[in-house]
Every structure is written in C-alpha cells, then in structure tokens.
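Every chain is numbered from 1, with letters handed out A, B, ... down the list of sequences.
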There are 2 protein chains.
Amino acid sequence: MLNLVRSDAIAYLGGMKPLFHPDIDDVAPADIFAALADPIRLGILVALSDATEMDKARCSNFVGLASPSLLSYHFAKLREAGITHMRVEGTSRYLSIRRADLDRRFPGLLDSVIEAAQRDPSLPRVPEPAQAKG
Amino acid sequence: MLNLVRSDAIAYLGGMKPLFHPDIDDVAPADIFAALADPIRLGILVALSDATEMDKARCSNFVGLASPSLLSYHFAKLREAGITHMRVEGTSRYLSIRRADLDRRFPGLLDSVIEAAQRDPSLPRVPEPAQAKG
DNA sequence: CGATTAATTCAATGATCATTGAATTTCGAA
DNA sequence: TTCGAAATTCAATGATCATTGAATTAATCG
C-alpha cells in the first residue's frame, strides 16, 4: 500500500508524516491573523525573520519560548496558516517564513507585521545561543 | 456621587455608558491580530475603510452582516483592540477607524490589512443602501 | 542492538470565543 | 408620557484555543 511516486517519495525523504503546507491562494486573511494572534507565535516569527544562519531556524532553537509539545502545537498553527514552511532533515526540522508566497498574496503585510512585532517589548525572545568557547 | 468634571461630561454627551477606548500605546500587536481574526470584523473594517458619507459609518448600516446583538459584540472587540472609535449621537452610534493612531504605532499595517481584506471574496459584504426614490 | 536526541501525538484541562435570543437601556418623536 | 428605533447587556450554548504531561515515533550514534 501507499504506492509512492517519485514526487511523493521526495516529500517523505527523511520525514515521518507528510507535512501539510496549504496553497497560499487557499489562505484567507482571517486565517493569517488568527495565527498571528498569539505572543509565542509572534516571537517565533520575529526570531525567524532575522535568522540568517541555518542553526537559528532549527526547531530546537526555540526551546526558550515554550515546552517541546507546546512548540509543536504553535509550529503547526503557523504552518497550517501558510505563514511558515517546515523542512525535515534527519532528526531535525527547520522553519522558514514563506516570504515570496506571502508577499505575492498579501503585499506589504508581512513586513509591517514583523516590524510591529519586533518593536513589541512584551513578546518572548529566543535567547542567543551561548557562544562556543573560542 | 460620580461628581463629573467638564471633560467627563463631554464624554457622556448623548451617551449612556462611557465607551472605553484604549490608549494606542497600550495595544499589543497580538491584540490587533486577534481582533482581525474574524470575517465579520474584517467585513466591518472593509466597509468602514470606504465609508465616505457619514451614513455608511452608522452602526445600523451593518445589519446585513449579523444580528444586532452579535454586531454589538464585534463592535466592542474592534473598539477594545484599539482599531475603531465609536461616537454616540442621539440614539445612533458611529464608527471610525483610528487611522492616525494605528499608522503611528504600526506603520503600514492598516493599509496592508485593508488591502488584503478587500481582495478576499469570502468576506461578508455590507449591502449598499437602496437608493431613495428620485 | 540499545541509548539518545528531536520532535510529534494524544488526552485532559480550563479559558476564551462566536452565536443566539430575550431582556434592557437610551433617546427622540408623536 | 407613551411609543418605537437603535443598540447594548446578559445568560446560555457549543466550538475552538492554549497549555500540560505522558506516551510515541523517527533518525542517529555508540
């Protein structure tokens, strides 16, 4: 059973279940706002928005924000709302913001959201990883 | 009791209870997004955004969107989130978007929100009032 | 293989939300 | 003063949400 074709197999490479990412055209504005209506998720978004190094986009780097199971819950909310993409690599997962999709569908929205969130001092912050001894 | 000074009295002119409008600096981004996470409220916002004539900003003009009591509920959500202002005049109330406040505190956000909502065909629309016989 | 690490799933909890309908308030007009 | 229109308040409902902790899955490394 399951009988995969090649494109399916690629989606499974290194993963357990197929991760659902909605088509951006199926995402309604109200869905986006619902996903943004939580300080932990806004904290994740802000952290992602200035994650230049890949390490900072790994799920395990957000442990400062909430417990693992709660983080999973919030990751799923962001992903199912079309805001983030999740890529599986071995035992780790990496998040990214779906910038191109969001900018095309909701021009200007993402930038102003991130700017607003960045300036909010009440949002939880992801701590910088301790610098490896050099 | 109550012992009003003049500025309080003005707030009461024509009204029953003092309408609470939060200081825009007390409004967190997550509060804004929570208020926007509902299609009826987005419908109200869109209708307000192109309400040039005062008639279109009167509460009673939104009856097409929901029942009176449900509308009251949604009006309060928008007002308490700092998105709208409500003015009492006789037996009517008038809504307006707190544009200047929002633009100062969350630059660019309101415009992109309205643009996104305007393009969403799934949002409920406020019907144009029937043209008076001419 | 067994242990470890990364992350999810599941069931249970209390809190908040959207909706309804009935009762109430307020104002203005007859 | 009584009536009607405008709008809110209140109590009740079911639905969804955020959170917790325990159990589970999956990949990697010894």
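Residues passing the side chain to side chain donor-acceptor pair (under 3.5 Å) test with B:D120, sequence neighbours excluded: B:S122. Partners of A:S112 under the side chain to side chain donor-acceptor pair (under 3.5 Å) rule, at least two apart in sequence or in another chain, are B:S112. Contacts of B:D38 classified as side chain to side chain donor-acceptor pair (under 3.5 Å), with partners at least two apart in sequence or in another chain: none. Residues satisfying the side chain to side chain contact (heavy atoms under 4.5 Å, CB included) criterion with A:A30, sequence neighbours excluded, are B:P39, B:L42.
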Protein-nucleotides 4-6 of chain D N/O pairs closer than 3.5 Å?
| from | atom 1 | to | atom 2 | distance (Å) |
| --- | --- | --- | --- | --- |
| D:dA6 | O4' | B:T91 | OG1 | 2.9 |
| D:dA6 | O3' | B:T91 | O | 3.3 |

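The separation between A:R87 atom CZ and D:dA27 atom C1' is 16 Å, rounded to whole Å. The distance from atom CG of A:L65 to atom P of D:dT20 is 13 Å, rounded to the nearest whole Å. Here the P atom of nucleotide D:dA26 and the CE atom of A:M86 are 16 Å apart, to the nearest Å. Rounded to a whole Å, the CG atom of A:L95 is 12 Å from the C1' atom of C:dA7. Here C:dG21 presents its P atom at 14 Å from CG of B:L71, a figure rounded to the nearest Å. At whole-Å resolution of the value, CG in B:L19 and P in C:dT25 are 17 Å apart.
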Using a 4.0 Å cut-off on protein heavy atoms (strictly under), produce a 5'-to-3' string for nucleotides 13-19 of chain D with B for base contact, S for backbone-only sugar-phosphate contact, and - for none. ----SBB
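Evaluation of the salt bridge (charged side-chain N to carboxylate O under 4.0 Å, His left out) test over residues 106-117 of chain B, restricted to residues two or more places apart or in two chains, returns B:E115-B:R119. Within the structure, side chain to side chain donor-acceptor pair (under 3.5 Å) pairs that include any residue of residues 19-33 of chain A do not occur (at least two apart or interchain). Residue pairs meeting the ring pair (Phe, Tyr, Trp, His ring centres under 6.0 Å) criterion with at least one member in residues 41-83 of chain A, sequence neighbours excluded, are A:F62-A:F75.
Going from atom CG of A:L36 over to atom CD1 of A:I83 covers 4.0 Å, rounded to the nearest 0.5 Å.
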